[in-house]
There are 4 protein chains.
Amino acid sequence: MDEEKLIEQLNKGEIKLHEVEDIVNDSGAATEIRRKYLEKKYGMKLEHVSKSSIDFADSINRNIENPVGTIQVPLGCAGEVKINGVNANGLYPILLATTEGRLVAGMSRGINVFNAAGGVNTTIIKDGITRSLILRTKGAKDAVKLIRWVESEEGFNFLSEAFSKSTKHGKLKEIKCYTPGRDVFLRFKAFTGAAMGMNMVTIAAEAAVEELIDKIKEFGIDAVLISESGNMCTDKKPAYINILEGRGVSLIADALIPREVVEREFRVTPEAVAELNKTKNLQGSALAGSHGFNAHVANVLAAMYIAHGQDVAQIVEGAQAMTDVAVVDGDMYVSLFLPSVEVGTFGGGTKRETQQEVLRLLGLYGENDTEGITRLTFAEIVAAACLVSEINLLAIQSAKELAKSHYKLRRG
Amino acid sequence: MDEEKLIEQLNKGEIKLHEVEDIVNDSGAATEIRRKYLEKKYGMKLEHVSKSSIDFADSINRNIENPVGTIQVPLGCAGEVKINGVNANGLYPILLATTEGRLVAGMSRGINVFNAAGGVNTTIIKDGITRSLILRTKGAKDAVKLIRWVESEEGFNFLSEAFSKSTKHGKLKEIKCYTPGRDVFLRFKAFTGAAMGMNMVTIAAEAAVEELIDKIKEFGIDAVLISESGNMCTDKKPAYINILEGRGVSLIADALIPREVVEREFRVTPEAVAELNKTKNLQGSALAGSHGFNAHVANVLAAMYIAHGQDVAQIVEGAQAMTDVAVVDGDMYVSLFLPSVEVGTFGGGTKRETQQEVLRLLGLYGENDTEGITRLTFAEIVAAACLVSEINLLAIQSAKELAKSHYKLRRG
Amino acid sequence: MDEEKLIEQLNKGEIKLHEVEDIVNDSGAATEIRRKYLEKKYGMKLEHVSKSSIDFADSINRNIENPVGTIQVPLGCAGEVKINGVNANGLYPILLATTEGRLVAGMSRGINVFNAAGGVNTTIIKDGITRSLILRTKGAKDAVKLIRWVESEEGFNFLSEAFSKSTKHGKLKEIKCYTPGRDVFLRFKAFTGAAMGMNMVTIAAEAAVEELIDKIKEFGIDAVLISESGNMCTDKKPAYINILEGRGVSLIADALIPREVVEREFRVTPEAVAELNKTKNLQGSALAGSHGFNAHVANVLAAMYIAHGQDVAQIVEGAQAMTDVAVVDGDMYVSLFLPSVEVGTFGGGTKRETQQEVLRLLGLYGENDTEGITRLTFAEIVAAACLVSEINLLAIQSAKELAKSHYKLRRG
Amino acid sequence: MDEEKLIEQLNKGEIKLHEVEDIVNDSGAATEIRRKYLEKKYGMKLEHVSKSSIDFADSINRNIENPVGTIQVPLGCAGEVKINGVNANGLYPILLATTEGRLVAGMSRGINVFNAAGGVNTTIIKDGITRSLILRTKGAKDAVKLIRWVESEEGFNFLSEAFSKSTKHGKLKEIKCYTPGRDVFLRFKAFTGAAMGMNMVTIAAEAAVEELIDKIKEFGIDAVLISESGNMCTDKKPAYINILEGRGVSLIADALIPREVVEREFRVTPEAVAELNKTKNLQGSALAGSHGFNAHVANVLAAMYIAHGQDVAQIVEGAQAMTDVAVVDGDMYVSLFLPSVEVGTFGGGTKRETQQEVLRLLGLYGENDTEGITRLTFAEIVAAACLVSEINLLAIQSAKELAKSHYKLRRG
């Protein structure tokens, strides 16, 4: 039989994992063959991994190569949070894909408190995905001359037009240039509709830069492209540039929780939570040399990014968030600044079956959304959920319950 | 019928999502009821989300609350990488759960090159998960007095013994203290067997600190516990303390790739890759104010952490890695320093069905591994995979192929 | 006698040090009385401290209170460096006030090499001193609304006009706003003529913000001024915002040194210096969590700032510089990026006798220079000197001579 | 005449500035000749620069090369601050060499308040100057093997003994190793008596490392010294490693100021100062990507370092300080954490005439102080002065008086 033979050939190294695709010309069958090869080689059944409702033919064009099956992550619903935002207005269910016990439960508890206080406000500061390319010139004089032109109105218009040739929905919003000497890091920032937009901006920025290289010869500047990504983007690494300049959606969630709600629901005072926030999230983080002045924003981002088909590695820059808690006229003002929520509601992982269903449940699957409203709405929901979870955790810790609550759950 | 009635009650807000559990006393049924409630409320079927082979009864005790179904993430196999490590020795399959196109393919290509060069070396520098608690004293004199005792042999023995009372496998390795004034941040570092160990160290450290508070009264020091986690841990936030002190497994993957292999397989020179690494990963990251001196370590961490049941939010500190490329006698020396690979092969998400199968495939599911060998082995595999993917991407970018390869794949 | 009586009164605490001024109504005499009081109290003569040619009457109006004498710092001349810059063109003497042995000698050696290679190129990227004020609003919605208006053309024009009312030479160039929640940090950037300009920008920005507070009431926003300086300026603290946005003069010094000059003068290869720069200034600094990707820029800044009457504390942000060394067609390309050279050629310490003479020697004392040309020229000289000293030190270290050269000097 | 001839030769470039020394064989005369050469060349008298009581013969052996004269910096006395410290106990005069108006006056005001509250407490956390050298090995396995030995008791003893051969007073306290791959950064920390100790530690560490290179050949490790200073020291660059590990003296100054003293003297409430400190020094600095969580510590360090003959460039790491203000039972608790006060009371600039007098006035000139008590005492005085100035400035800013006080002073 064909399947057995292919498994044998894989085993002997006569063919490679990715070649199965071309041989059987059926992605589902190829997936099975590769999995069976692993099963045989390692002498065990991948029973659960084999269960899947993923369309692998579609997946291999956009999401995965050499598929062998599926990983299942439990999905929980923490309830519906009330949001008073720019695009998000009303009640939104918070769905989290996680294996971290108490994350959903904590969110649930927090949602009750925030809803009792009138909900979470969300405000968008900026929007735009970025990519930084590196152009090498002969020296700083040329580098700065290049920067001056690129940052001029003429330069921006030139690059904006060049950028638009490679993308239908993408639109260049800004270019900022940095140079430590002869190399110029050009940070392109673009609007990308419903998509998170990394591929879009990469392709369009590189095309634009190729036109730029020709153009600046007119001014006597010779430049060569050193890299399509110079780490000043900054994608999937923590970086201060994202805090100051933003990447993806930069936004704030905040709320004023009446003292009596805080005391009744969280069983702490606003003063205690404010004090913990200062000592832990500001001073502790400062001493640790941290970019993240928060308690656990990354937990919420990870669970929401997995559930909604986002690029999970982007929680790295997302985690650079700042939580504030202040006592205002006796009540508790809380806010969370998230400079880099890079999300999309179309393209990438949002196409996958379960992830798409979750987005559709929220009414936010972004097909045909050239304005990016679904994307911005989703970013606001993410921000609201992060704030709720932050404040709940701080309130628990203020009440010195963290380890104990874990303890009981696991051992009791 | 019961189900319909419960859905109705959920809809009216008469019962809460988590109460379904207690009412039906069957986690699978409760999951279905909650999902159906969402389906009814939002007028759509969660067809794919409903497909699952997860044991929700077990899950709600450790991984999730209010489950409503499952998120499926495609799992790909990039081939087997040869590792010459401390605990990892031989060929190990690299399995990635991702929706990022080209990640598996790039890893595959890289594996071929590294295997052709003899494989990846991995070396462990340190091991130990950390938790920092905050004790507040009356002032700096007491704070420093407290620190001196805690950091003395007597103090360490006292805390070590107290720590051991709350954990069977955990073992205190080190305590470091920091203070900006009256507050002392005690950073406990512990060995935690096969488990990643965050809960273990949190519980044991808090218990130890409670004994400490009593003990130091003898020296006239009054201290109160301000927080079980003072952000100097540092968990799920980028932080320099993890780079300098390590968190989880700190390790290095490196290799020497002969020039002819580099030129034949990557179609670039070692010099070009070294130059790109310097300009992008060192200078670009430095200018951006980044802690991550690498190209895309977070991508690999995210895909491996999801596939193997890890705490995904911990890619945040994992991404603080440093890639080096140097030309040594004409050949290409490459290394990757990963100060914070916080992984476990038992407990947490490793218990889930698909994730456990993937760990078992590697022979690394950690039940009964009190020595933590499976955990350390897995960390070495993670490090090797990250290095392979890093160097492959740098080689591609050196050859200016990044955007183009994406372009062709998506549009061509 | 009066003097004796005053000393006695000071000794008994009947009058305070600053009151002597008003009583004797002669700053020179008051200085002497205070010094004699110290001498008497501590039983020793301040023989050298008493020697001075400072006009204390002028000094107490701008530079010092309660003067008791003078500190003398040795001033050395390292020779004249050739600069090909924007405003600096030709040979400029490098004068350093320091007690750090070998600093002048090293600079001398470096100057010879750079001059042999045709001199140092300097290029200005940006110019403008900054001050960030904090306005507190009711919440993020108001904060972002405020930001949108301030960053609009209308908002900028309003603030620019308001700013100009308080200063003759200062001119607002840019305002950038940042917010983590309800507080808005408004970072004013201004041109300040020949002056470094901190006081100018502080006064004018505060006045402008007071008008702003009134104006935005029209849009329904209530805001209060929380601080005249919100640490996002950032003055006298290391901060990434200065690297990315610049503060004072942001500029680059670079040069291409022929291989034969490098080998003959420094007795090392360009490759060795480039390798050291990468390992030490990039990787070492990165691992240390440093903002300063250089060897010892602070040494040169300190010595030049003291010699030329600058605000010495501003070497803190000045030290955030990045040195690059690259081999280009066999020759050695070197550059130094200095994002924050905050200098002035008029006002502050430049008024003092010796400092003013040094500036006048350079032809750069800034009286009547409303265009700030003297200030920019001086910044270019500083940058050139820093580059020269950096490269000389790297060359020495490459040749493993650092400690030895110190050793011989001190003990030999 | 000889002098004229030499000036002529200097002018023609026939001799170099440093050669004058050898020719005239009299440092004072050589200084004059060089100055006259500058005067002639630039057509102006350096009248004030020529006034000096510096012994140039002694200076050129330790502090300066090519001297041409002297810079005079005004020295002010802010009064005497009461310190309750480890080595510092009693009243100490605070002497500042500065041209920054209001610095002395602000300190004076602050001293009155702190003295009224019982003085400043100072507490030393750690002490030890550091130098990091770089050893290059073949790869990470060797690097980690090397680290294990160096950090073992045997390794430490070996290096400690080797270290001691090059220094009489220096004593190795600790070695920490870091590696990103094949390079090992060995951070030596040493006690250096009364001296700041940079040269001492550099010489002794390099000698020790040379012995180490031989020794580890026994274990099959080949290593070469790449740099005597690998920037993980970290000297004269801002760096997190100094915050976490300390450099020089790490210490804290704190005090509890009764509410009535705060309200009477500063005319603000403790709550207002605490709120400003949080918003400005914690949040503002965090957003700016700053390592300095303080208001203006660098100002005080600069003025004290110049006055007392310190290495002024070391204010860069000194400025990485954290100020705290908290309301405790209605009173105002204030603290300042200074991780890197690198000072000396013997050697370097302390030998110079005026600087030495100032140290002698304090009774802290360190000749014969092999225990380093004078140095530690001076560090405590520096810390106390910094705290006083910090709190005074915060109180002024809380009262919204900063710009106004400047304004009145300058224009009124």
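Chain naming here is simple, since letters A, B, ... match the order of the sequence lines and numbering starts at 1 in each.
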- Item | Heavy-atom contact with chain A under 4.5 Å, split by part of B:A288 | both
- Gap between atom OG of B:S50 and atom CG of A:L75 - 0.5 Å precision: 11.5 Å
- Message: Can you tell me which portion of B:L276 sits under 4.5 Å from chain A's heavy atoms? Options are side chain, backbone, both or neither.
- Response: side chain
- Message: With chain A as the partner, which of B:P180, B:A313, B:G292, B:A295 has the greatest number of non-hydrogen pairs under 4.5 Å?
- Response: B:A313
- Item | Greatest number of heavy atom pairs closer than 4.5 Å to chain A - which of B:Y240, B:F293, B:F56 | B:Y240
- Message: Just so I know, are the side chains of A:Q355 and B:I71 near enough to count as touching, which here means a heavy-atom distance under 4.5 Å?
- Response: yes
- Query: Using 4.0 Å as the upper bound for N to carboxylate O, is an ion pair formed by B:R136 and A:E275?
  - Reply: yes
- Message: Going by salt bridge (charged side-chain N to carboxylate O under 4.0 Å, His left out), name the residues that satisfy it together with A:R187, two or more places apart in sequence or in a different chain.
- Response: none
- Task: Heavy-atom pairs under 4.5 Å with chain A are the metric here; pick the option from B:R34, B:K41, B:M44 that has the most.
- Result: B:M44
- A:E228 side chain near B:Q397 side chain, heavy-atom distance below 4.5 Å: yes
- Task: Let me know if B:E80 has heavy atoms under 4.5 Å from chain A in its side chain, its backbone, both or neither.
- Result: side chain
- Message: Between B:K236 and A:E100, does any side-chain N to carboxylate O distance fall below 4.0 Å?
- Response: yes
